[in-house]
2 protein chains.
Amino acid sequence: MAIIFSKKCEYGIQGVLYLALKGIGTVTPVEEIAEHLQIPREFISKILQELTSKKIIGSKKGKNGGFFLAKSPAKIKLYDIVIAIDGDAIFGQCVLGFPNCSGDYPCPVHDNWSKLIKETYAMLNAQTLDQFKDKVSLKIQNLGAKKKNVKVRPAN
Amino acid sequence: MAIIFSKKCEYGIQGVLYLALKGIGTVTPVEEIAEHLQIPREFISKILQELTSKKIIGSKKGKNGGFFLAKSPAKIKLYDIVIAIDGDAIFGQCVLGFPNCSGDYPCPVHDNWSKLIKETYAMLNAQTLDQFKDKVSLKIQNLGAKKKNVKVRPAN
DNA sequence: TTTTAATCAGACAATATTATCTGATTATAA
DNA sequence: TTATAATCAGATAATATTGTCTGATTAAAA
């Protein structure tokens with residue numbers, strides 16, 4: 001199975017996107033987020049806690065508490081979320097797993113792959129949450145229906 | 001942890017690359033491959049067996065047996081190996097994990113990501129094993145030394 | 001002030017991936 | 001023909017990721 005981002009990371013991005021939809025400062029309980037995005041409640045809860053500790057979002061404890069966007073969507077990059085959850089290994093590791101792949105001793109696809117990774121990096125850095133709020137709303141509306149009985153990872 | 005290809009896939013590519021280096025038809029025991037590439041012997045053995053059953057390489061049983069390139073390096077694409085081991089999920093799945101992401105209901109990064117994936121697809125399809133035999137030889141020479149005590153996956 | 005509803009912390013469970021082990025089968029060489 | 005050295009098949013073990021549970025803490029509302 002080849003993947004790009006971990007499930008944690010995917011869910012994290014989806015969750016923050018959802019908070020962005022609700023607008024800056026609007027407090028949303030994890031129950032609603034989990035329900036809407038069809039993500040296991042305790043799992044997304046843990047992820048949002050992690051993003052809270054890394055200051056990407058904020059949280060409010062106690063009754064009527066929940067999570068919220070702590071800063072302007074224009075100031076939150078996809079890159080920030082990816083780095084917070086998955087780290088930066090994707091940007092520095094040899095795609096073929098050669099332990100000492102580098103510019104001096106490149107693996108066969110080093111140059112080609114470097115180009116793709118640079119483009120990915122640029123895209124994640126350029127995309128801030130404010131840039132696609134309308135797209136997300138479409139998306140969110142359309143969730144839920146199809147996600148039932150989906151296996152954690154599709155068969156290989 | 002974000003990854004692109006599974007360890008199995010990385011090892012598979014490395015192994016086939018090594019066979020390509022030895023030249024078409026040259027039979028190489030898995031012991032030598034594992035030693036040279038610093039991959040667990042039983043693991044790379046299983047992977048090469050899988051690639052054998054999928055006709056990407058050939059094998060010879062019994063004494064003096066081993067694995068070998070069954071066809072011209074020019075006819076083996078990186079794409080073939082990736083598909084054989086990791087499947088094609090990477091080319092069709094939403095990078096943010098939205099279950100019903102598509103052209104009609106795109107996730108926020110759908111268009112950007114599609115472009116990157118198409119480039120990756122094109123690269124894996126364009127790269128055949130004959131195109132970088134010299135680079136690999138450099139690489140292979142330089143292996144082994146640094147791989148000791150490397151964790152299976154780097155810390156997050 | 002008490003009840004309620006939320007995050008938070010940490011342990012635990014399930015699943016997937018990675019790695020290892022045992023022995024059967026095969027074919028070469030002695 | 002027998003010993004040897006290899007793939008092959010299937011079970012098992014170790015680790016990482018994903019998902020769940022329990023209870024503590026917190027803060028608002030009754």
Side-chain angles (χ1 to χ4, degrees), chain A residues 1-12 14-15 19 26-35 37-55 57-68 70 85-87 89 97 147 150-156, chain B residues 1-12 14-15 19 26-35 37-55 57-68 70 85-87 89 97 147 150-156:
Chain A
M1 170 64 44
I3 63 170
I4 300 291
F5 301 129
S6 66
K7 275 260 173 282
K8 270 177 70 177
C9 191
E10 288 180 3
Y11 289 164
Q14 290 185 22
L19 292 177
T26 301
V27 175
T28 308
V30 76
E31 177 66 37
E32 175 186 330
I33 302 169
E35 172 73 18
L37 296 171
Q38 293 288 112
I39 298 172
R41 184 203 146 98
E42 301 302 325
F43 198 32
I44 184 67
S45 171
K46 275 272 185 292
I47 296 164
L48 293 179
Q49 281 169 37
E50 202 173 325
L51 290 174
T52 299
S53 79
K54 294 188 177 171
K55 312 287 185 194
I57 57 177
S59 73
K60 187 183 170 215
K61 297 178 190 175
K63 191 165 184 176
N64 292 340
F67 295 92
F68 56 91
I85 299 179
D86 275 350
K147 186 98 176 248
V150 166
K151 290 179 65 176
V152 171
R153 297 194 175 207
N156 203 0
Chain B
M1 172 61 48
I3 62 169
I4 300 291
F5 302 128
S6 67
K7 274 258 175 285
K8 269 177 72 177
C9 191
E10 288 180 3
Y11 290 164
Q14 290 186 23
L19 292 177
T26 301
V27 175
T28 308
V30 76
E31 176 65 38
E32 175 186 329
I33 302 169
E35 172 72 17
L37 297 171
Q38 292 290 110
I39 299 172
R41 184 203 145 98
E42 302 301 326
F43 197 32
I44 184 67
S45 171
K46 274 273 185 291
I47 296 164
L48 293 178
Q49 282 169 38
E50 202 173 326
L51 291 174
T52 299
S53 79
K54 294 188 176 170
K55 312 288 184 192
I57 56 176
S59 72
K60 188 184 170 213
K61 297 180 190 173
K63 192 166 182 177
N64 291 340
F67 295 92
F68 57 91
I85 298 180
D86 275 350
K147 187 99 178 246
V150 167
K151 289 180 65 175
V152 172
R153 297 194 177 207
N156 204 2

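Scope of the values below: all heavy atoms of this structure, side chains included, with no hydrogens, waters or symmetry mates. Just so it is clear, the structure is predicted and the values come from calculations on it, not from any experiment. Below, read A as the first sequence line, B as the second, and so on, with proteins coming before strands; counting in each chain starts at 1.
Minimum interatomic distance between B/G58 and B/A70 (heavy atoms only, all atoms of both residues): N-CB, 3.9 Å. Between B/D86 and B/C9, the closest heavy-atom pair is OD2-CB, 3.2 Å.
Side-chain nitrogen and oxygen atoms of A/S59 include at least one within less than 4.0 Å of the OP1 or OP2 phosphate oxygen of C/dC8. Residue B/Y11 places no side-chain N or O under 4.0 Å from the OP1 or OP2 atom of C/dT18.
As rounded to whole Å, 11 Å separates atom P of C/dG10 from atom CD of A/Q49. We find that CZ of A/F43 is positioned 14 Å from P of D/dC21, with the value rounded to whole Å. A straight line from CD of B/E10 to C1' of C/dT18 spans 12 Å, rounded to a whole angstrom. In this structure, the CZ atom of A/F68 is 12 Å from the C1' atom of C/dT7, given to the nearest Å. Protein atom NZ of A/K8 is 14 Å distant from nucleotide atom P of D/dA16, rounded to whole Å. Rounded to an integer number of Å, the gap from CG of A/L51 to C1' of C/dT7 is 14 Å. With rounding to whole Å, B/R41 atom CZ is found 12 Å from D/dA5 atom P. Rounded to an integer number of Å, the gap from CD1 of A/I85 to P of D/dT17 is 13 Å.
For B/F67, counting side-chain heavy atoms from C-beta on, the closest listed nucleotide (D/dC8, D/dG19, C/dC8) is D/dC8. Closest to the side chain of B/K46, from the set D/dC8, C/dT20, C/dG10, is C/dT20.
Separating the CZ atom in B/F68 from the OG1 atom in B/T52 is a distance of 8.0 Å, to the nearest 0.5 Å. With rounding to the nearest 0.5 angstrom, the CD1 atom of B/I85 is 10.5 Å from the CZ atom of B/F5.
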* A/L48 vs A/I57, side chain to side chain contact (heavy atoms under 4.5 Å, CB included): CA-CA, chis, key distance, verdict -> CA-CA 8 Å; A/L48 293 179; A/I57 57 177; 3.8 Å; yes

* **Sugar-phosphate or base contact per nucleotide [nucleotides 22-30 of chain C; S, B, -; heavy atom under 4.0 Å]** => ----BBBS-

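Axis orientation changes by 10° from one end of the helix from C/dT1-D/dA30 to C/dA30-D/dT1 to the other, with each end axis drawn from 5 pairs and the value rounded to 10°.
Applying side-chain contact (heavy atoms from CB on, under 4.5 Å) to A/F67 and the options A/L19, A/T28, A/L51 leaves one that passes, A/L19.
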Scan the side chains in residues 39-47 of chain A for donor-acceptor partners under 3.5 Å anywhere in the protein, sequence neighbours excluded, and list what turns up.
{"unit_1": "A/R41", "atom_1": "NH1", "unit_2": "A/E31", "atom_2": "OE1", "d": "2.5"}
{"unit_1": "A/S45", "atom_1": "OG", "unit_2": "A/Q49", "atom_2": "NE2", "d": "3.2"}

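The side-chain heavy atoms of A/E35 and A/E32, taken from C-beta on, include no pair separated by under 4.5 Å.
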